[in-house]
Amino acid sequence: MIFMLAGTSDARALAIEIRNEGHELLTTVVTDNAANEMNKSNIPVHIGRLTADEMIHLIESKGATTVIDASHPFAEEASKNAIQAAKQLGLAYIRYERASQTFDYDKLTVVPTYKEAAQLAATKKGVIMLTTGSKTLQVFTEELQGKSDIRLVARMLPRLDNMEKCEQLGFPQKNIIAIQGPFTKEFDEALYKQYKVNVMITKESGKVGSVDEKVDAAKELGIEIIMIARPNMEYGMSYSEFSPILKALKGVESNGF
């Protein structure tokens, strides 16, 4: 039995590959939407965020022998919990992470944290489009909301909890773009034009996260970009392609884990 942190589209694709190789697995996701996608592929799924202790309990109850962490590149807490759970139980831990990207654009600045991205954005003027989701929205509203020369527009998933968070933060409805991707370069370009965007804030989530399209559209229009770098973590056994993971799973089995 394999215990797998999933939730993204590429994680679901990996889960299907693992299942097709004959492995039994349990995936864990955060949202109902992600769970529905797993259910469509007839892959067992647990819904909800898990602490390290909760992971340990679930892993033990299912008799899992391997932990695969295919969580989002920015799901730092989930990865830390998975690493801790695997270490405490003496299980193999395998990390799948989308390949990292670099971009050649003189108006792109990479910063290490959300806070630094917000502070840099606060030195700008005009319309700033936030495309990093709602989880860290408060970091940006604290720095940017209420500034007379800045309009903060946030693009996020059309979920009830996201809208409730916006309401709690006093984030204006007219500045919310509630929509689910992936998006084409042309769509992003049209969106930037519609809102007259001067600065776009994004994360280095990888190609599957449609960062290419956001960046290319911004470059086309000469829009400044603030990009948040991935968390700096030591994963150990880590891969950015599926085939080495499938091979590693065979090695784990043969070693008696």
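In this view, Asn232 satisfies the side chain to side chain donor-acceptor pair (under 3.5 Å) rule with no residue, not counting sequence neighbours. Considering only residues two or more places apart in sequence or on other chains, Glu186 meets the side chain to side chain donor-acceptor pair (under 3.5 Å) condition with none of them. Evaluation of the side chain to side chain donor-acceptor pair (under 3.5 Å) rule for Tyr93 yields Asp69 as partners, not counting sequence neighbours. Residues passing the side chain to side chain donor-acceptor pair (under 3.5 Å) test with Glu142 are Gln138, sequence neighbours excluded. Remark: Ile16 engages Arg19, Asn20, Ser41, Ile43 in a side-chain contact (heavy atoms from CB on, under 4.5 Å) (not counting sequence neighbours). For Lys62, the side-chain contact (heavy atoms from CB on, under 4.5 Å) criterion is met by Met1, Leu26, Leu58, not counting sequence neighbours.
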Stepwise, does the side-chain contact (heavy atoms from CB on, under 4.5 Å) test hold for Ser79 with Glu97? CA-CA 11 Å; Ser79 290; Glu97 186 170 72; over 6 Å; no
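A donor-acceptor contact shorter than 3.5 Å is absent between the side chain of Lys124 and the backbone of Val199. Although no hydrogens or angles enter the test, the distance criterion places no donor-acceptor pair under 3.5 Å between the side chain of Thr27 and the main chain of Phe3. Between the Thr131 side chain and the Ile201 main chain, a donor and an acceptor come within less than 3.5 Å of each other.
For the salt bridge (charged side-chain N to carboxylate O under 4.0 Å, His left out) condition, the pairs that include at least one residue of residues 36-59, sequence neighbours left out, are Glu37-Lys40. Screening residues 125-184 for ring-ring contact (aromatic ring centres under 6.0 Å, His included), with sequence neighbours left out, gives Phe183-Phe187. Residue pairs that meet the ring-ring contact (aromatic ring centres under 6.0 Å, His included) test with at least one member in residues 221-246, sequence neighbours left out, are Tyr96-Phe242. Applying the side chain to side chain donor-acceptor pair (under 3.5 Å) test to every pair with at least one member in residues 188-198, sequence neighbours left out, gives these pairs: Arg155-Asp188. Pairs passing the side chain to side chain donor-acceptor pair (under 3.5 Å) check and including a residue from residues 102-113, sequence neighbours excluded, read Thr113-Glu116. Annotation: salt bridge (charged side-chain N to carboxylate O under 4.0 Å, His left out) contacts involving residues 231-243, sequence neighbours excluded, are absent.
Closest approach of Ala78 to Met55, counting heavy atoms only: O-CE, 3.7 Å. Minimum heavy-atom separation, Ala52 to Ala85: O-CB, 4.1 Å.
Using modelled atom types and a 3.5 Å distance limit, the side chains of Glu204 and Ser100 yield a donor-acceptor pair.
In this structure, CG in Leu108 is found 9.5 Å from CD1 in Ile226, a value given to the nearest 0.5 Å.
For the side-chain contact (heavy atoms from CB on, under 4.5 Å) with Thr66, the lone residue among Leu249, Leu25, Ile59, Ile18 that qualifies is Leu249.
For the pair Ile245 and Glu17, the minimum side-chain heavy-atom distance is 4.5 Å or more.
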